[in-house]
Protein chains: 2
Amino acid sequence: MRPDLSAIPALDVNLATRAAVGDALTRTARMFGDRTAIVDAGRDLSYRELDEVSSALARALLGTGVARQQPVAMLMANSWQFVATYFACAKSALVALPVNIALAPDDIAWILRDAGATVVVADAAALPLLTDFLADAPEVTLVVVGAHGADASGGRTVVSWDDFTAEHAGGPVEVIVEDRDTVQCLYTSGTTSRPKGVLVSHVSVLIGGMTNALQIGHSWGADPSTLVNVLPLFHTTALNTLVLPVLFTGGTVVLFARFDPAAMLTAIEDHSATHLMLLPIMYRALLAARGAGLPSVRRAVYAMAPMPEDVLKLVDELFPNAAVILGSGQTEVVPATVLQWPEHQHTKANSWGPAVPTVETGIMDGSGALLPRGESGEIVYRGPHVASGYWNNPEANRVSFAHGWFHSGDIGHLDDEQVLWFTDRLKDIIKSGGENVSSVDVERVVTAAPGVAECSIVGVPDDRWGEAVCAVVVPADPDSAGDDFPARVIAHAKAHLAGFQVPKRVVVVTELPKTATGKTRKHALRAQLTE
Amino acid sequence: MRPDLSAIPALDVNLATRAAVGDALTRTARMFGDRTAIVDAGRDLSYRELDEVSSALARALLGTGVARQQPVAMLMANSWQFVATYFACAKSALVALPVNIALAPDDIAWILRDAGATVVVADAAALPLLTDFLADAPEVTLVVVGAHGADASGGRTVVSWDDFTAEHAGGPVEVIVEDRDTVQCLYTSGTTSRPKGVLVSHVSVLIGGMTNALQIGHSWGADPSTLVNVLPLFHTTALNTLVLPVLFTGGTVVLFARFDPAAMLTAIEDHSATHLMLLPIMYRALLAARGAGLPSVRRAVYAMAPMPEDVLKLVDELFPNAAVILGSGQTEVVPATVLQWPEHQHTKANSWGPAVPTVETGIMDGSGALLPRGESGEIVYRGPHVASGYWNNPEANRVSFAHGWFHSGDIGHLDDEQVLWFTDRLKDIIKSGGENVSSVDVERVVTAAPGVAECSIVGVPDDRWGEAVCAVVVPADPDSAGDDFPARVIAHAKAHLAGFQVPKRVVVVTELPKTATGKTRKHALRAQLTE
């Protein structure tokens, strides 16, 4: 049974019924026009202003002649212009392509070429990152935030944000946006290969956002949330888990472009912030700078790394009314996919928690069979949060969608309460003497050894063990570590681990090789150690 | 930018990424398998059981050879079998077609023929309603809840629910379900014309359900909601606003097939119910039967009619911890479209409240222009809650989707806080002496007049006024109303209304003509009064 709509203009049906991300902003603006949407370096932007400026930018983008569903590359730190550009793309059926500005210029050039970007919006400070790309891309439209008027930069004419968006004021942008049109493409940082562009649709961002809003405790009404956010918007965590759900429900986002503990504490207090999401290391820095407890915070979410027990206790003190919970996700499954429940925060603090209501989790063996609770295998997901697929990469898509589930590349298990426990990245599991060793488990123990600042555990080929467990360790104080430091690390490991898990070798270094997003390049470590 | 998925089976991509209503039940069942999903006449059905029985029924339905997206007619009172049948249709890409069992047999036959139903699931008690339809539909598969074995009924072989679903146990039902496939078709009760089949998609029910869950205060976690529901599931209010959001978030639904105040009060207490939605008249009956206050209830929602001030006060006493809020919607915009905020319950008790976050409301004039706040016009909606359209009715679709908004047929305005105030149905507005008179406003006053039980206000053609305001009144006690009853009604109206609103004529009757859903047939009244 389908309705006969043949006599109705397609745009009318689309506007009346679609699930589109740009409409979510328009709705909040109609509802809460005078409310503050964004606070950015002291500048307040109301919902009406954010809606209008993103519509103006959308019209300007469409005016460049860029085709529907083509990318708009964004090289931008956290700012209100970032948020406006994202919504401008959403409104005009273009694809927002935020790029990690911590990447090297050649990686950035590779991404922009892979995506086929013909429009770039960049902070003035990010222009040097674009030199490689722009050198042989004369046709690209370049809009620069922070530039003054039109300017010749490196032999190219650039247009300032202000000039670009001027004279494009007007009403709503009404173009056809299909539910499954791509709204964002974020490139994942590969540790072993070129980054992959993850294409995510409007309906995924909208359902993911509403689910996260429900789960993280945002409300639509007279009691809106206030989020203080410093995580970079070019990652899915900040964008899809934090900022969009708040804007979808009429809350306020206080943006920071860089981490400044004192300024953030002041902002939390001044704006009576209700929501935070930080890395554990950032919570530690906040605690060091803290004054009194901050009672307004209702959720203190953390991500990316386990929260040490001592930090958890201090966070509880600083935010006496907050549930402290871990959020987990990945670029391919609009996060948070998995969110700890407050009631598990002490009993299952090392778990990832249960999936959110619109995601299903499973554990799969190599043959595509789902495994019973308790058994270990690859973590797989299904549901409307799952990305549409990778850009320009049929092989990655084939692997990822096998057997009707998205394959995360993570190993873990589900317990009796359907709580997800992460073991390791599939490619980082070490097969040693017939046993599977989780590098994450060994890292947790070795990092807690006296005098250890940081460590990474990898497997290296070994005649006897197949792979030998190898610890690459950064001492807290390299000068006073002493010659017996490796032996002390191994002794600590023996006291806390099974024999097959204990590192066979300890290599002391002053720093670990990392990606721009802070992940250790284990592939590089393995290559060095194997040589 | 779209991914290249050409090498992947379409079913795999669909299963991994879709927004499908059946998957929502499967997710809650995986998560909370042992939790009680449905309590029905003392029978508890766990999430695992509900998921399994709906999958078995889905396989049985597919086994009849019914084609994808074809309807399964349901003539069922509230029961766990109703819920299972709905999800069976959702899982198998069929269309659930619940029919109002209060309708007359010829209306039911008209609906089933209009929809082209070839499969019918019916309560044994509803079989007499089907005689007309079945007489010339020998090919229809008839599954009967409450029958024992196969049986010959009116010369036709029927199969019992138990026999039909037996031997169909198994794992998940994996067929392609597209986001915009139709999941439900509810026929609206027309007061002037044949009912219209409203086609609603999976993505609408899912987004509407999650939004209602967020708004009505359901949570996904260790603190699930418990809903006690007596409203009929064949209406969108009970189905889409109440029952599905609870099941999407892992709560418990206690079902009643008929209103029994004492039994409902017991159920609220025994199950520590957190959520109720009743008609104001039902709250009045509950209050009459009440014992002590019931502290577990967090939301007492009402619908369909204004809540008299005295009842509101008593509801506050019976449910001391509940927000009492009005929910409004219509079959064409998966409700609740508009939900009062608790903070408006006293200051704006007569309003409909603001739209939920995934619906946008507007007020439109006859030319398709949106009107500013404060001005009165037709209430229009847009967003993913809006139905896909009417079945078999291109003309109704053309009218409904004009100018890119769904036209509700209701008149109202939005105030400064974007709160919606309903004036009247467009076709019930009376144009008298150059003024627009809201029949609803006049009804509110006349119903409050001493000795009046019920009334309906309609306009009848009049040489002087164009239309004259006419009150059709049911006295509380017809025997003692007296000859001056009409004059007293008019005197009361004059004391509370503007001159042009005061009824020119009062007609006393013993009952009002009504539709099966309890709406007054104003069209019939106007016809009678015009003769």
Side-chain angles (χ1 to χ4, degrees), chain A residues 1-8 11-13 15-19 23 26-27 30-31 69-71 95 115 174 179-180 182 185 199 203 206-207 210-211 213-215 220-222 248-249 341 343 354 356-358 360 382-384 386 388-391 394 397-398 401-406 418, chain B residues 1-8 11-13 15-19 23 26-27 30-31 69-71 95 115 174 179-180 182 185 199 203 206-207 210-211 213-215 220-222 248-249 341 343 354 356-358 360 382-384 386 388-391 394 397-398 401-406 418:
Chain A
M1 301 181 88
R2 292 289 181 114
D4 178 355
L5 304 174
S6 54
I8 310 167
L11 177 62
D12 279 353
V13 176
L15 288 170
T17 63
R18 70 195 186 185
D23 293 348
T26 302
R27 285 191 291 266
R30 285 265 169 91
M31 192 74 205
Q69 287 289 283
Q70 288 302 300
V95 177
E174 297 195 332
D179 299 353
R180 292 282 175 178
T182 300
C185 174
L199 303 171
V203 76
L206 197 66
I207 292 180
M210 291 309 295
T211 297
L214 178 139
Q215 192 81 347
W220 174 259
F248 290 172
T249 53
W341 292 352
E343 42 273 68
V356 300
T358 38
E360 187 176 350
R382 58 166 54 160
V386 171
S388 309
Y390 296 106
W391 170 243
N397 287 327
R398 199 187 56 73
F401 287 112
H403 315 296
W405 291 78
F406 175 77
Q418 204 74 356
Chain B
M1 300 181 88
R2 292 289 181 114
D4 178 356
L5 304 174
S6 54
I8 310 169
L11 178 61
D12 279 353
V13 175
L15 288 170
T17 63
R18 69 194 186 184
D23 293 349
T26 302
R27 284 191 291 267
R30 285 265 170 88
M31 192 74 204
Q69 287 290 283
Q70 288 302 301
V95 177
E174 297 195 333
D179 299 353
R180 292 282 175 178
T182 300
C185 174
L199 304 171
V203 77
L206 198 65
I207 292 180
M210 291 309 295
T211 297
L214 178 140
Q215 191 82 346
W220 175 258
F248 291 172
T249 52
W341 292 352
E343 43 273 65
V356 300
T358 39
E360 187 176 349
R382 60 166 51 162
V386 171
S388 309
Y390 296 107
W391 170 243
N397 287 327
R398 197 187 58 73
F401 287 112
H403 314 297
W405 293 78
F406 175 78
Q418 203 73 359

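First the proteins, then the strands, lettered A, B, ... as listed; each starts at 1. Side chains are part of it too, since the values below use all heavy atoms of this structure and drop only hydrogens, waters and symmetry mates.
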* Would you please test B:Glu174 and A:Arg382 for salt bridge (charged side-chain N to carboxylate O under 4.0 Å, His left out) and show each step? => CA-CA 13 Å; B:Glu174 297 195 333; A:Arg382 58 166 54 160; 3.4 Å; yes

* To do: Go through A:Leu11, A:Val386, A:Leu206 and name the one with the most non-hydrogen pairs under 4.5 angstrom from chain B.
  => A:Val386

* Looking at A:Pro357, A:Pro3, A:Gly389, which has the largest count of heavy-atom pairs under 4.5 Å with chain B? -> A:Pro357

* **B:Trp220 versus chain A, the contacting section by heavy-atom distance below 4.5 Å** => both

* Which atoms of B:Phe248 approach chain A - backbone, side chain, both or neither, heavy atom under 4.5 Å -> backbone

Where on [X] is there a heavy atom nearer than 4.5 Å to chain B: the side chain, the backbone, both, or neither?
X	result
A:Ser6	neither
A:Glu360	both
A:Asn397	both
A:Phe401	both

Could you report the tightest heavy-atom contact between [X] and [Y], atom names first, then the distance?
X	Y	answer
B:Leu5	A:Ser388	CD1-O, 3.7 Å
A:Arg180	B:Ala19	NH2-N, 3.6 Å
B:Gln69	A:Arg2	OE1-NE, 3.7 Å

* Greatest number of heavy atom pairs closer than 4.5 Å to chain A - which of B:His403, B:Met31, B:Gln70 -> B:Met31

* Heavy-atom pair count under 4.5 Å with chain A, highest-scoring of B:Asp23, B:Val95, B:Thr211, B:Asp179 -> B:Asp179

Please report the interatomic distance [atom1]([X]) to [atom2]([Y]), rounded to the nearest 0.5 Å.
X	Y	atom1	atom2	result
B:Asp4	A:Arg398	CG	CZ	12.5 Å
B:Asp12	A:Trp405	CG	CH2	12.0 Å
A:Gln418	B:Arg27	CD	CZ	12.5 Å

* Asked: Do the non-hydrogen side-chain atoms of B:Met210 and A:Thr358 ever get within less than 4.5 Å of each other?
  -> yes

* Asked: Sub-3.5 Å donor-acceptor pair from the side chain of B:Thr182 to the main-chain atoms of A:Met1, do we have one?
  -> yes

* Under the side-chain contact (heavy atoms from CB on, under 4.5 Å) test, which residues partner B:Ala402, sequence neighbours left out? -> B:His407

